[in-house]
Amino acid sequence: WQRIADQQGRSLQDVILKRTRYIAIRTYFFDHLLTTTLPRLSNPQVVILGSGLDTRAYRLAWPPSTHCYEVDLPTVLDYKTELLQQVTPTCHHHPIAGDLDQPQSGWIRRLRADGLSLDTPTLWILEGVLMYLPEASVHSLLRTVTALSSPGSVLGIDGVSQGSILA
């Protein structure tokens, strides 16, 4: 963030404040979406695409039968697993290794193999990830989400660009 502050001629504190406020608001929005939507689903399943260091599988009070699938790069998932090895998920947690920019990386197949039902509504979360993908990959990913979704599915998405949070 220091590099961004230097490039923009702003103080590091200003850059940190803007970014952390954005992340706090975004986190609240997606937490609220999950906690208000999941109780209405009979067999709740959540897919967090580009999950990064998201800890919702460990910190939210999920309905007991909820399955949460987190898709991200293997190195990210391994790092998070190591950090959280002393913490128990509060749902049925399924880390799925794969590169969202590379559908051939197998994450769709692994998602299905781990139990994602195409006949059950899914709550999809795309938080803070699309800004890092090329536009063609975003369109492909959204088509994939659509193809894997049954009626009643919900998509939570933030559609900001890198520039909107850098300035």
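Only a predicted model underlies this, so the values are computations on that prediction, with no experimental measurement involved.
- Residues L130 and L141 meet the side-chain proximity criterion, which asks for heavy atoms closer than 4.5 Å.
- Atom CG of residue L34 and atom SG of residue C68 lie 8.0 Å apart, to the nearest 0.5 angstrom.
- Look at E70 and K80 and you find a salt bridge, because one of the NZ, NE, NH1 or NH2 atoms lies within 4.0 Å of a carboxylate O, short of that distance.
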Applying side chain to side chain donor-acceptor pair (under 3.5 Å), run through Q45 and T120 and close with a yes or a no. CA-CA 8 Å; Q45 57 183 16; T120 303; 4.8 Å; no
May I have the step-by-step check of side-chain contact (heavy atoms from CB on, under 4.5 Å) for L148 and S153, ending in yes or no? CA-CA 10 Å; L148 296 174; S153 292; over 6 Å; no
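- Within the model, atoms CG of L100 and CG of L73 stand 7.5 Å from one another, a figure rounded to the nearest 0.5 Å.
- Shown here for L116 and R112, the closest heavy-atom pair between the two residues is O-NE, 3.5 Å.
- Here the side chains of Y58 and H93 are in contact, with some heavy-atom distance below 4.5 Å.
- By the criterion of side-chain heavy atoms lying less than 4.5 angstrom apart, applied directly or through intervening Ile, Leu, Val, Met, Phe, Trp or Tyr residues, I96 is grouped together with L118 in one hydrophobic cluster.
- Residues S149 and W124 bring a donor and an acceptor atom of their side chains to less than 3.5 Å of each other.
- In terms of heavy atoms, L12 sits closest to Q2 at CD2-OE1, 3.3 Å.
- A 6.0 Å sphere centred on CD of Q7 holds more than 12 heavy atoms belonging to other residues, nucleotides or ligands.
- Counting non-hydrogen atoms of neighbouring residues, nucleotides and ligands closer than 6.0 angstrom, the CD atom of Q85 exceeds 12 such neighbours.
- Hydrophobic clustering (ILVMFWY, side-chain heavy atoms < 4.5 Å, transitive): L133 and V47 are in one cluster.
- Listed here is the closest heavy atom pair of D158 and F30: N-CZ, 3.8 Å.
- In plain terms, the two heavy atoms of L33 and G156 that are nearest each other are CD2-CA, 3.6 Å.
- No chain of hydrophobic side-chain contacts below 4.5 Å, direct or via other Ile, Leu, Val, Met, Phe, Trp or Tyr residues, connects V154 to V145.
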Test side-chain contact (heavy atoms from CB on, under 4.5 Å) on L155 and L142; report intermediate values, then the result. CA-CA 10 Å; L155 173 61; L142 292 175; 4.2 Å; yes
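- Side-chain contact check for V129 versus L126: some heavy-atom pair is nearer than 4.5 Å.
- Two residues are said to be in side-chain contact when any heavy atoms from C-beta on lie closer than 4.5 Å; W62 and V46 meet this criterion.
- The nearest pair of heavy atoms linking T20 to L17 is OG1-O, 3.3 Å.
- The side-chain heavy atoms of L49 and I125, taken from C-beta on, include no pair separated by under 4.5 Å.
- Counting heavy atoms from C-beta outward, S65 and P44 have side chains that approach closer than 4.5 Å.
- Nearest heavy atom pair, residue V71 against residue G98, reads CG1-O, 4.4 Å.
- Rounding to the nearest 0.5 Å places OG of S137 at 15.5 Å from OH of Y132.
- For the residue pair D14 / S11, a side-chain donor-acceptor distance below 3.5 Å is found, with atom types taken as modelled.
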Could you walk me through whether L84 and V87 pass the side-chain contact (heavy atoms from CB on, under 4.5 Å) check? CA-CA 5 Å; L84 297 173; V87 185; 4.3 Å; yes
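- Under the 4.5 Å side-chain heavy-atom criterion for ILVMFWY residues, a single connected hydrophobic cluster contains both F29 and L60.
- At a threshold of 4.5 Å between non-hydrogen side-chain atoms, the residues R110 and H94 do not count as touching.
- Using a 4.5 Å heavy-atom threshold, the side chains of D101 and P134 count as touching.
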Decide yes or no on side-chain contact (heavy atoms from CB on, under 4.5 Å) for D31 and R56, but give the supporting numbers first. CA-CA 8 Å; D31 283 358; R56 287 183 177 96; 2.5 Å; yes
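- With hydrogens and angles left out, the side-chain atoms of D72 and Y79 include no donor and acceptor closer than 3.5 Å.
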